[in-house]
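Reading through the C-alpha cells given below for one structure.
Not measured: the values here are computed from a predicted model. Counting begins at 1 with the first residue of the sequence.
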Amino acid sequence: MPAELTAHELIAAHRPTLDQALEAIRTRAYWSPHPEHPKAYGENGSLDMAAGKAAFDALLGNRLDLGQPGTDDWVGGEVSPYGIELGVEYPHADLDALLPAMKAGQKAWRDAGAEIRAVVCLEILKRISDRTHEFAHAVMHTSGQAFMMAFQAGGPHAQDRGLEAVAYAYVEQVRTPDTAEWTKPQGKRDPLALTKRFTPVPRGTGLVIGCNTFPTWNGYPGLFASLATGNAVLVKPHPRAVLPLALTVQVARSVLAEAGFDPNLVALAAERPGEGIAKTLATRPEIRIIDYTGSTEFGDWLEANARQAQVYTEKAGVNSVFVESAGDYKGMLANLAFSLSLYSGQMCTTPQNLLIPRDGIRTDEGPKTYDEVVADIARAVDGLLGDDARANALLGAIVNPDVKARVEAAAGLGEVALASREVTNPEFPGAVVRTPVLVKLDGAKPDDEAAYMSECFGPVSFAVAVDSAADGVELLRRTIREKGAMTVGAYTTDEEVEQAVQEVCLEEAAQLSLNLVGGVYVNQTAAFSDFHGSGGNPAANSALCDGAFVANRFRVVEVRREA
C-alpha cells in the first residue's frame, strides 16, 4: 500500500514541535504543546468531552482488533476500580509468530533515519492527543484515577513525557554525523584518506511492561524512546490496565502504515488471566530492551535474569519529607495535605515518612511541638477532604484490594493521628474510596522501624519522631541509601540544615524539593524540565528522561572506505 503520509508532510507538520522540544530540554524552562484543560479539545478534528466519552463507551463490550499477526485467542476481563466491567477483548499472540513479524520491518525503519523516526513518533502523539478525552476515560477506568487527574496525567502529561523521550533520542542519534571525510597527513607521502559513514542501529525489539496506576505516563517514555531509536516495540500491559496501551498501539500501527512502514513495528501482548507472560517475554532472545515500572521484587528479578536485554526499571522506594522548621506554616500544611491525598497516595512519588523532631519545630506562627505539627497535618488533610465531592475528585478510587488491606492494617502499627474514612462516590457506587491514614511512629524504636523503612503503597503515611535535625538528616540518608526514594521533600529555614539535606540528596542521588508551599507538589514532575527518578538509588536504575535513558537503545556502526 502506498504511503499516505510523505516524509515531506511529516517534517513540515512536526519539525517545529521537535525543535521546540529540543530547546525545552536544553533550557529546562516550562513548555508543553499539549493543553491541560479539557475545554481546549474539540477543534481541528480532536474529540471534545462528549465525543470522547461516547468513543470510550463504544469500546465497552467489544473486541479491539489490531490486525496483528499470530493472534491465537482473544482475552480480556478488566474491571474498573469504579465498579464497571469493561468487557473489551484484545488479541492474544503466539509469540513465535508475532516476534519474527515485528523484526521484519526494522530494516526500513532503521534506514529511515533519526529525523523521520522522530516525526513519525510525533504524528502518533498528535493523534493520541486528539483523542485525549477518550484516553482519559480509559485511564480513569483502569487506574482508578479521578477523571481530571486521568485527563491530565494520562493525557497531556503522558504525551509530554513521550515527546521528551523522542527529543532526547533524536539528540543522541544526531550527535554523531552521518558521514565524515578523514584525512591524515603523511609528510612527503600522499595523505591517508577515508570516507566514513555512521549509522545508528537498533538493539532489537523493545518490551514495555506496563503498570496499573499510570499506564500511559509510565509507558510512553520507554515506548517512544525505543521506537525513535529504530527498535520495534512490544507492549505488555498490566492485566488490569490494558485498554489505554491497546489504544496507543492501535494509533501507532495506523500511523506507521500510513507513513509507509510496517505496522508490526509496534504490537500488543495481552495475556490470559494468571498467564504471567512477562517473565517469558523478558528472557526471550529477541527482546533486547526492557522498560518496567512496578514492584521492587520483579524489577530486581528482571535486572538479574533478563541478561540479554538492556533493562530500565522504575521500582519502589520510601519517600520522605523532613520537617525541620517552616517559614510559611499554613502553606506547608496545605501543600503536604494535597501531596498525601492526591490519587489516594497511589503514586511512586507520594511522601510516606514525615520526619519531625520530637522536640518540635520553629515556624512563622511560633514554636510547634511534634504533637501539634502532626495534629495540624491531620486537620489539614481532614479539611481538604471534608467535602465528599472534593474528596472524590482528589482521591479517585483504590486501585486494587492490596492497597485497601494496607490502609486497614496501618491502624495497628502505631498511634493513629488521622484515621482513614470511607467516602461514597454517588456516580460510581462500586468504587472503593478511602481517605489517608496518618500514624505516629518513633524513629528510635526498632519495632517502629520495620514499618517506616518499608514501602506501604497507598494512602498511608507515618509521622516519624526523630531526636534532632542531625538525626533527621541521617535517617533521611539511610532511607534513601537502603530503600531508595523517587522524591525527597524538606522544610527548613536554617541554611545549615538546608545544605545538609541537599548534600545527602546529591550524594545519594535523590531528587529534592525544598519548602514547597504553593501549587507545585513534591509528587509532581514536569516533562522537559524535571527529572523523574535519578537512576542513582535503589528506587530506579534510570531517570525520565535523560541521555542515559535513550543512548543505549541503539549503537553506532561505522562503515569506512578509501576516499
Side-chain angles (χ1 to χ4, degrees), residues 32 34-66 76-90 124-160 162 210 212-217 219-220 237-238 240-252 254 268 342-344 346 388-399 423-433:
S32 170
H34 304 112
E36 288 184 308
H37 199 284
K39 291 183 179 178
Y41 296 80
E43 298 179 358
N44 303 318
S46 60
L47 295 180
D48 63 13
M49 297 174 72
K53 177 64 163 59
F56 169 74
D57 288 342
L59 295 167
L60 303 182
N62 286 308
R63 180 169 286 181
L64 194 66
D65 191 346
L66 301 175
E78 290 159 292
V79 177
S80 167
Y82 290 95
I84 299 170
E85 288 193 20
L86 301 190
V88 184
E89 287 191 328
Y90 308 96
I124 296 170
L125 286 165
K126 170 64 169 61
R127 295 200 191 177
I128 292 170
S129 177
D130 287 346
R131 295 168 62 180
T132 292
H133 277 284
E134 178 187 358
F135 272 75
H137 287 285
V139 170
M140 173 183 176
H141 284 289
T142 51
S143 70
Q145 294 174 32
F147 177 77
M148 185 54 74
M149 184 175 184
F151 181 90
Q152 293 183 338
H157 297 171
Q159 295 153 23
D160 282 349
N212 194 174
T213 48
F214 289 89
T216 55
W217 199 98
Y220 283 6
H238 191 284
R240 288 193 291 263
V242 182
L243 184 56
L245 290 178
L247 292 174
T248 302
V249 169
Q250 183 185 54
V251 174
S254 177
L268 185 78
L342 185 61
Y343 184 32
S344 302
Q346 297 170 125
D388 280 4
R390 182 165 58 177
N392 277 306
L394 283 175
L395 295 170
I398 297 297
V399 72
V423 179
T424 300
N425 187 320
E427 186 179 1
F428 300 105
V432 177
V433 185

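Just one of Phe135, Trp217, Tyr41 meets the ring pair (Phe, Tyr, Trp, His ring centres under 6.0 Å) condition when paired with Phe151; it is Tyr41. Screening Arg240, His141, Glu85 for a side-chain hydrogen bond (donor to acceptor under 3.5 Å, both in side chains) involving Ser80 leaves a single residue, His141.
The aromatic rings of His137 and Phe147 are tilted relative to each other, their planes meeting at an angle between 30° and 60°.
The line from CD of Gln346 to CZ of Phe214 is 8.5 Å long, rounded to the nearest 0.5 Å. In this structure, CG in Leu47 is found 13.5 Å from NZ in Lys53, a value given to the nearest 0.5 Å. Taken to the nearest 0.5 Å, the OG1 atom of Thr213 stands 7.5 Å off from the CD atom of Gln145. Atom OG1 of Thr248 sits about 9.0 Å away from atom CD of Gln159, to the nearest 0.5 Å.
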task: Kindly indicate, with the supporting measurements, whether the criterion side-chain contact (heavy atoms from CB on, under 4.5 Å) is fulfilled by Thr132 and His34.
output: CA-CA 10 Å; Thr132 292; His34 304 112; over 6 Å; no
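By the side chain to side chain contact (heavy atoms under 4.5 Å, CB included) test, Asp130 pairs with Ser46, Lys126, sequence neighbours left out. With sequence neighbours excluded, the residues satisfying side chain to side chain contact (heavy atoms under 4.5 Å, CB included) with Ala246 are Leu64, Tyr90, Val242, Leu268. His133 meets the side-chain hydrogen bond (donor to acceptor under 3.5 Å, both in side chains) test with no other residue; sequence neighbours excluded.
A 4.5 Å side-chain heavy-atom check between Arg127 and Ser254 finds at least one atom pair inside the cut-off. Taking 4.5 Å as the limit, some side-chain heavy atom of Met140 sits within range of a side-chain heavy atom of Phe428. Inter-residue side-chain proximity for Thr142 and Leu86 is flagged as met; some heavy-atom pair is nearer than 4.5 Å. Looking at heavy atoms from C-beta onward, Asn392 lies in side-chain contact with Pro426 at the 4.5 angstrom threshold.
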